[in-house]
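Only one structure is covered here, and it is reproduced in the block below.
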Amino acid sequence: MWKMLIRVALASVLSLSMTLPAFAQGTVARAQFTTDVIDREPIDNVGATVTVEYGAIQRVYFFTDLRDMAGSHVIHRWKLDGEEQAGVDFDIGGDRWRVWSSKRLMPGFDGKWSVEVVQDDVVVSTYSFDYIDEF
């Protein structure tokens, strides 16, 4: 009888632990595009459109404040008009972890830029802006 109860209890614990990763997905508490990050904080918010003089180079940073993702692998996946341009990998070391990546936007890189926040191969959120070269 006791052996049967122990087996049932063990099976219940094992089945619960197998479903934990679905509940363990963290959140993106804050995210924004900025012109720089100082002391782990964005200095401004570039908004929905980045406009530069024709031929100029603009560096854009993507900042994220991640919560409850300790032990996860996170990627900032940069895309231009839906095509992947770069991926920046992070190993998350705590329950609150701030990370950022950047992209140099060269002349001719006009279009819809987006960054996917990918946690352990799952896209958890996407943010975007339009990049316009002024003539």
Side-chain angles (χ1 to χ4, degrees):
M1 175 77 164
W2 283 106
K3 285 184 180 182
M4 181 64 138
L5 279 174
I6 291 172
R7 285 184 187 160
V8 170
L10 185 57
S12 297
V13 169
L14 287 176
S15 68
L16 177 61
S17 68
M18 294 177 83
T19 61
L20 279 178
F23 297 110
Q25 184 174 356
T27 59
V28 178
R30 287 186 298 150
Q32 71 188 66
F33 293 101
T34 181
T35 57
D36 203 355
V37 176
I38 298 176
D39 294 329
R40 298 184 183 149
E41 285 293 325
I43 64 167
D44 56 12
N45 188 338
V46 298
T49 303
V50 176
T51 305
V52 296
E53 279 186 35
Y54 179 74
I57 297 172
Q58 173 74 40
R59 181 175 295 274
V60 175
Y61 292 81
F62 180 64
F63 168 89
T64 52
D65 182 350
L66 307 174
R67 304 292 170 95
D68 302 320
M69 294 187 186
S72 294
H73 181 79
V74 171
I75 301 169
H76 283 176
R77 186 178 296 147
W78 289 79
K79 292 183 171 187
L80 172 58
D81 294 327
E83 291 187 33
E84 185 171 346
Q85 302 296 312
V88 181
D89 296 77
F90 305 97
D91 290 319
I92 308 305
D95 287 333
R96 179 180 183 215
W97 210 252
R98 294 173 287 179
V99 296
W100 57 93
S101 59
S102 67
K103 185 78 176 120
R104 288 182 61 185
L105 303 178
M106 311 290 268
F109 281 17
D110 317 53
K112 173 70 88 180
W113 279 90
S114 62
V115 179
E116 295 175 341
V117 179
V118 182
Q119 178 190 11
D120 299 326
D121 299 321
V122 176
V123 176
V124 294
S125 57
T126 304
Y127 302 87
S128 62
F129 66 92
D130 291 311
Y131 179 66
I132 299 170
D133 251 345
E134 282 191 336
F135 291 95

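Taken together through direct or relayed side-chain contacts under 4.5 Å among Ile, Leu, Val, Met, Phe, Trp and Tyr, Met106 and Leu80 form part of one hydrophobic cluster. In the hydrophobic cluster analysis, where Ile, Leu, Val, Met, Phe, Trp and Tyr join through side-chain heavy atoms closer than 4.5 angstrom, Ile75 is grouped apart from Phe90. No chain of hydrophobic side-chain contacts below 4.5 Å, direct or via other Ile, Leu, Val, Met, Phe, Trp or Tyr residues, connects Phe63 to Val88. Linking ILVMFWY side-chain heavy atoms closer than 4.5 Å, directly or via other members, places Val46 and Val28 in a single hydrophobic cluster. By the rule that hydrophobic residues join a cluster once side-chain heavy atoms approach within less than 4.5 Å of another member, Phe33 and Val99 end up as members of one cluster.
Taking each heavy atom of Ile57 and Pro107 in turn, the nearest pair found is CG1-CD, 4.3 Å. Between Gly47 and Phe129 the shortest heavy-atom distance is O-CB, 3.9 Å. The minimum heavy-atom distance between Asp39 and Arg98, with the atom names listed, is O-NH1, 4.5 Å. Shown here for Arg96 and Asp65, the closest heavy-atom pair between the two residues is NH2-OD2, 3.1 Å. For Trp97 against Asp91, the heavy-atom pair with the smallest separation is NE1-O, 3.8 Å. Between His76 and Thr64 the shortest heavy-atom distance is NE2-OG1, 3.1 Å.
A salt bridge links Lys112 with Asp130: the distance from a Lys NZ or Arg NE/NH1/NH2 to an Asp or Glu carboxylate oxygen falls below 4.0 Å.
Judged by distance alone, with hydrogens and angles left aside, the side-chain atoms of Asp44 form a donor-acceptor pair with the main-chain N or O of Thr35 at under 3.5 Å. Under a 3.5 Å cut-off, the side chain of Tyr131 and the backbone N or O of Leu105 do form a donor-acceptor pair. With Asp133 contributing its side chain and Gly108 its backbone, the two residues share a donor-acceptor pair below 3.5 Å.
With a 6.0 Å radius and a threshold of 12 heavy atoms from other residues, nucleotides or ligands, Glu84 has its CD atom above the threshold. Arg40 CZ: 12 or fewer foreign heavy atoms inside a 6.0 Å radius. For Arg59, the CZ atom sits in a packed shell: over 12 heavy atoms of surrounding residues, nucleotides or ligands are nearer than 6.0 Å.
A 4.5 Å side-chain heavy-atom check between Val118 and Glu116 finds at least one atom pair inside the cut-off. Using a 4.5 Å heavy-atom threshold, the side chains of Trp100 and Pro42 count as separate. Side-chain contact between Val60 and Lys103: absent, with no pair of heavy atoms (C-beta onward) separated by less than 4.5 Å. Taking the side chain as every heavy atom from C-beta outward, Phe62 and Trp78 approach each other to under 4.5 Å.
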Distance-only check: which donor-acceptor pairs under 3.5 Å involve side-chain atoms of residues 120-128, not counting sequence neighbours?
unit_1	atom_1	unit_2	atom_2	d
Asp120	OD1	His73	N	2.9
Asp120	OD2	Ser72	OG	3.3

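Here the OG1 atom belonging to Thr27 is positioned 8.0 Å from the CG atom belonging to Leu66, to the nearest 0.5 angstrom.
Residue Ile38 is found in a hydrophobic cluster whose other members, listed by chain and number, are Ile43; membership requires side-chain heavy atoms under 4.5 Å apart, directly or through intermediates.
With sequence neighbours left out, the side chain to side chain donor-acceptor pair (under 3.5 Å) criterion links Gln85 to no other residue.
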